[in-house]
Amino acid sequence: MSTETPASQLHFIGQIVRDDLASGKHRVIHTRFPPEPNGYLHIGHAKSICLNFGLAAEFAGTCNLRFDDTNPSKEDVEFVEAIKRDVTWLGFQWAELRHASDYFEVFYRSALKLIRDGVAYVDDLSAEEMREYRGTLTEPGRNSPYRDRSVEENLDLFQRMRAGEFADGSKTLRAKIDMSSGNINLRDPAIYRIRKVHHQNTGDAWPIYPMYDYAHCLSDALEGITHSLCTLEFEDHRPLYDWCVDHVDLINHPDLWQPLVDAGLPTAPSKPRQIEFSRGNINYTVMSKRKLLTLVSENLVDGWDDPRMPTVAGVRRRGFTAAGIRLFWERIGVSKQNSIIDMGVLEGCVREDLDAVAPRRLAVIDPLKLVITNLDAAHHEELTFPNHPKDESFGTRVVPFSPELWIERDDFAEVPPKGFHRLKPEGEVRLRGVGIVRCDEVIKDAEDNVTELRGTLDLDSRTGMPGSERKVKGTIHWVSARHAVPAEVRLYDRLFDVIDPDDDSDGKTYKDHLNPNSRRVVQGYVEPVAASAQPEDRMQFERLGYFVADIADHTADRPIFNRVVTLRDSWAKQQ
RNA sequence: UGGGAAAUCGUCUAACGGUAGGACAACAGACUCUGACUCUGUUUAUCUAGGUUCGAAUCCUAGUUUCCCAGCCA
């Protein structure tokens, strides 16, 4: 396993884990993914998921899924269900499913302990007053006038807070640390606030709720987390994280977590180590929960699972694969440098996965008719095509062929540019799996638009015959018009038309940069086998790209495909 | 003007005082019944200035730039 892995292949967190195991500091490691259920997971969360679950798997440890549900006014069960679904879809299994709210009683007892120990006090300052007392980035704060209340008074007040005797916002419980610290998180941070709000998990049992800095670290400790991984902005919070863990000291105070034992929740408190890594930002998109929520609530997109959204549900509906996303984050690595990753890297990873796993199909999304004149109009064949060019295990399928075909409008040029390898007047091209066809006639309408092509098939060049060896420069795809199944094809492009939608320095916001062409819907034709796909089946439409049968809207009667990503196209690039 | 962190090819990321390496992208070519895939080759980087050292991306000093922090959000 793991401890044999050469150091050079491990990122800095992997190295820490390896060293902790090697030194005997830990026998097994435990990580966790701790989302707040106040929105859908996005592709950035997937980095944390891959890291936490991946590390646990690599070093034979475990990873919990824990909902950080300490702020009931923002959270919702819809989100917890979506998060569970997304984590599972990404391919991970949690050892235990927990909620911070499972620990509310422990947090409460621990707060009582901090009060008794003289390191927490009840403050009557209003939110505005507290801000004034806090000082600024460059000036120290001042002690609250309530800071020196007696232990007895604090105990009484806090118990009455818990009993619901006081109004929302009228009091807080604060850690007594240092109002002059350069680290603002240490200037007597609030650890409990009064909020008489119904909680999605605990109902109306609690009128007070713990703050993140207090609840998160203790949750980690209660679950025996050894390595608590989070993003860079929490670096400043680490001293507070350690302060809470050390002052509550769950390890030596089992009475505090007896409620969990009574409830049958396996509990073995640890001294977790917080380690920070940088977020994975991606260009041409936004990745803040607030902005994603706005896009959804203002109907700027069609929902959390809109295929243009960077949410896990969105990229899934778009057709990205879990394996592609995992490959992406593995390829990106883990470090502490702020970075912005090119969206093309993600797309490349998805292509790489799909190339291996997607069966090939024929489809035409911008149809132009081609009639083969040297075949009887009633001619009909059933051709056998391999489903994958490099993997025989995909088997074969039957593709109907007749003299009247749909081909891609792009595959014909009346005045071909230099280097054009497709159909042109008097030119020859190979029809995929059929043979070499020659364009004899171009039929146009009154506006000079090409409406139909007529040509002859070289019968000696039919696929499988010796004459098929004859070289022609291009091969194009087609669908038999008589057998073609009409399909709606949704072509997606980036949601934003600027590289950094978060940049509002010019006075414009991300909402001003929505790409009006981010979705184009066209009617095309697909071969019969493609139409019979199940929702979420992915396939390659040859020469066009990877497509997925829409998870919600696709039916065999009304096929609907989303374009996942195009194929690389060195011809288009050359143009 | 406080505290915390980070600066390496276009992008992401290695190096842990001893040859600046990899991946992706780009470019050139080969192959091709997908202008895909695959294969081959090429280009490109240590924030700056000093210092220590036989030797510095790495250690020291000074500076520069970028990011984070003043919620009873997480």
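Below, chain A is the first sequence line, B the second, and so on; all start at residue 1. All values reported here derive from a predicted model rather than from experimental measurement.
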Could you go over nucleotides 63-67 of chain B and give all protein N or O partners under 3.5 Å, atom names and distances?
none

For RNA chain B, the residues among residues 353-364 of chain A that have a non-hydrogen atom under 4.0 Å from it: A:Asp355, A:Arg360
Pull out every residue in residues 330-337 of chain A that has a heavy atom closer than 4.0 Å to any atom of RNA chain B, ordered by number, or say none. A:Arg331, A:Ile332, A:Val334, A:Ser335, A:Lys336, A:Gln337
List in chain and number order the residues that pass ring pair (Phe, Tyr, Trp, His ring centres under 6.0 Å) with A:Trp478, two or more places apart in sequence or in another chain; answer none if no residue qualifies. A:Phe401
Residues passing the salt bridge (Lys or Arg N to Asp or Glu O under 4.0 Å) test with A:Arg66, sequence neighbours excluded, are A:Asp220, A:Glu223
List for me each residue that meets side chain to side chain contact (heavy atoms under 4.5 Å, CB included) alongside A:Leu137, sequence neighbours excluded, and say none if there are none. A:Ile184
Can you check side chain to side chain contact (heavy atoms under 4.5 Å, CB included) on A:Arg134 and A:Leu125, steps first, answer last? CA-CA 11 Å; A:Arg134 188 156 35 231; A:Leu125 252 30; over 6 Å; no
Contact string for nucleotides 40-45 of chain B, one letter per nucleotide 5' to 3', B = base within protein heavy-atom range under 4.0 Å, S = sugar-phosphate only, - = neither, reads ------
When every nucleotide of nucleotides 69-74 of chain B is labelled 5' to 3' by its protein contacts under 4.0 Å (heavy atoms), B for base, S for sugar-phosphate only, - for none, what sequence of letters results? BBSBBB
Using a cut-off of 4.0 Å between protein heavy atoms and nucleotide atoms, how would you tag nucleotides 25-32 of chain B 5' to 3' with B, S and -? -SS-----
Stem list, RNA chain B (Watson-Crick or G-U pairing under 3.5 Å, at least 3 consecutive pairs): B:2-7 with B:64-69, B:10-13 with B:21-24, B:26-30 with B:38-42, B:47-51 with B:59-63
Identify, with sequence neighbours excluded, every residue that meets side chain to side chain contact (heavy atoms under 4.5 Å, CB included) alongside A:Val122. A:Asp124, A:Arg149, A:Asn154, A:Leu157, A:Phe158, A:Met161, A:Lys171, A:Leu173
Residues from residues 538-547 of chain A lying under 4.0 Å of RNA chain B - heavy atoms: A:Gln540, A:Glu542, A:Arg543
